[in-house]
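Below: one structure, written as structure tokens.
Order of the sequence lines sets the chain letters (A, B, ...), proteins ahead of strands, with each chain counted from 1.
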Number of protein chains: 2
Amino acid sequence: MGNMTKIRPYSHIIDRLRDAGLRPTRQRLALAKILFEGGDRHLTAEMLHAEVLSANVRVSLATVYNTLHQFTSSGMLREIVVDASRSYFDTNTTEHHHFFMEGSGSLVDIPGGDIVVSKVPQVPEGREVKRVDVIVRVGDA
Amino acid sequence: MGNMTKIRPYSHIIDRLRDAGLRPTRQRLALAKILFEGGDRHLTAEMLHAEVLSANVRVSLATVYNTLHQFTSSGMLREIVVDASRSYFDTNTTEHHHFFMEGSGSLVDIPGGDIVVSKVPQVPEGREVKRVDVIVRVGDA
DNA sequence: GTGTTTGCAAAGTGTTTGCAATTTA
DNA sequence: TAAATTGCAAACACTTTGCAAACAC
């Protein structure tokens, strides 16, 4: 049998977009394919833009930004802030944390269970914890 | 006896600047006074700039940025990233973590011992952990 | 006096926006 | 065809930089 990944149809991506209320346009399909069929990834808008272009799909940077935000709003991506001057988008939306390599500016996942955050103090009255981010900053090699 | 805080001389601030190899200029003194005599604070460059101006000390925004970076390099401040697009500077450089109030964009300290991060996985070979940041993101009231 | 620091205004970065043209359903 | 989406270029917010004038020692 051939490589299942390669002959995988677009239908599941199309369904995912439809479920999020987004029309499966050429641009969104190309971006979703890169984001969701490459395993767990951490990309900035510029990185993703360069990657679509190199796959020979013409998409503007503005559309990349719009799309990343739409995907984030519908829960398909999570935005990660490690560096005050660019946003990373993480395709893994399950509970987990990150190593941040200060030299290369790259992120590496730390599986959810591998870090335990305990004793988080009570949140100021009536408020709700949206998320706990743990970033382990690692120096150069 | 009078209020010790009020009559406290500038000499200790001057010493602190000198120890960091920084000349105690009018601008740096005014900024250091706001930063280090107001307890634990979390300020952006713009916030600090507004505050010096309202204390009637003329300092340019460029100098505020320069000074914040000089203070950070010499360990008097710590930079905190919670929001891609602006940096906060924390006058508390001891081990601790933060609540981030998404509505107001404000930070609240969580004392060092109040959160326990355990089982941080081994860092990729030969690298060193510089810092572990825990940010508890809290929704609006 | 000499080297440091400051302020200004210009430049830089990553990101967002307005709107006409294009595409999807 | 009606509504959604795209791309462009301009606008933005925050931050950095170059350099002459002002300042500290």
> Counting just side-chain N and O atoms, does A/R18 come under 4.0 Å of either OP1 or OP2 of D/dA4?
Replying inline: no
> Between D/dT16 and B/Y65, is there an OP1 or OP2 to side-chain N/O distance shorter than 4.0 Å?
Replying inline: no
> So B/D109 and B/H42, side-chain hydrogen bond (donor to acceptor under 3.5 Å, both in side chains) or not? Walk me through it.
Replying inline: CA-CA 9 Å; B/D109 283 341; B/H42 307 97; 2.8 Å; yes
>> Distance check, rounded to the nearest 0.5 Å: A/H49 atom NE2 versus A/S54 atom OG?
In response: 10.5 Å
> Given that both distances must come in under 3.5 Å, which nucleotide forms a Watson-Crick or G-U wobble pair with D/dC23?
Replying inline: C/dG3
>> Suppose we call a contact any N or O donor and acceptor under 3.5 Å apart; does that hold for the side chain of A/R23 and the base of D/dT5?
In response: no
> Starting at CZ of A/R86 and ending at P of C/dT16, how long is that distance when rounded to a whole Å?
Replying inline: 16 Å
>> I want to check one thing: is the phosphate of C/dT5, taken as OP1 and OP2, less than 4.0 Å away from some side-chain N or O of B/T63?
In response: no
>> Rounded to whole Å, how long is the line connecting atom CD of A/Q27 with atom P of D/dT5?
In response: 11 Å
> Hey, which of these two, B/T44 or A/L22, hits DNA chain D nearer its 5' end, going by closest nucleotide?
Replying inline: A/L22
> Can you tell me how far C1' of C/dA25 sits from CG of A/L17, to the nearest Å?
Replying inline: 15 Å
>> Between C1' on C/dG14 and CZ on A/F89, what's the gap in Å once rounded to a whole number?
In response: 11 Å
> For A/Q70, which residues count as a side-chain contact (heavy atoms from CB on, under 4.5 Å) partner, sequence neighbours excluded?
Replying inline: A/L22, A/R28, A/N66, A/T67
> Given atom CD of B/E46 and atom P of D/dC12, what is their separation to the nearest angstrom?
Replying inline: 16 Å
> C/dT6 phosphate, OP1 or OP2: any side-chain N/O from B/T25 under 4.0 angstrom?
Replying inline: yes
>> OP1 or OP2 of D/dT15 versus the side-chain N and O atoms of B/H69: is any pair under 4.0 Å?
In response: no
>> From CZ of A/F71 over to P of D/dT5, roughly how many Å is that when rounded to an integer?
In response: 11 Å
> Between C/dG14 atom P and A/L61 atom CG, what is the distance in whole Å?
Replying inline: 10 Å
>> Please identify which of these residues, B/H98, B/E95, B/H97, meets the side chain to side chain contact (heavy atoms under 4.5 Å, CB included) condition with B/I115.
In response: B/H97
> Which nucleotide in the list C/dT6, C/dT15, C/dT17 gets nearest to the side chain of A/S87?
Replying inline: C/dT15
> Would you say B/M76 and B/F89 make side-chain contact, with heavy atoms under 4.5 Å?
Replying inline: no
> What nucleotide, of C/dG14, C/dG7, D/dC8, holds the atom closest to the side chain of A/S60?
Replying inline: D/dC8
> From C/dT6, C/dT17, C/dG7, pick the nucleotide closest to the side chain of B/V59?
Replying inline: C/dG7
> Is there side-chain contact between A/Y88 and A/L77, with at least one heavy-atom pair below 4.5 Å?
Replying inline: no
> Mapping A/A84 and B/R26 to their closest nucleotides on DNA chain D, which lands nearer the 5' end?
Replying inline: A/A84
> Is C/dT23 paired to anything, Watson-Crick or G-U wobble with both distances less than 3.5 Å, and if yes, which nucleotide?
Replying inline: D/dA3
> Starting at CZ of A/R28 and ending at P of C/dT23, how long is that distance when rounded to a whole Å?
Replying inline: 15 Å
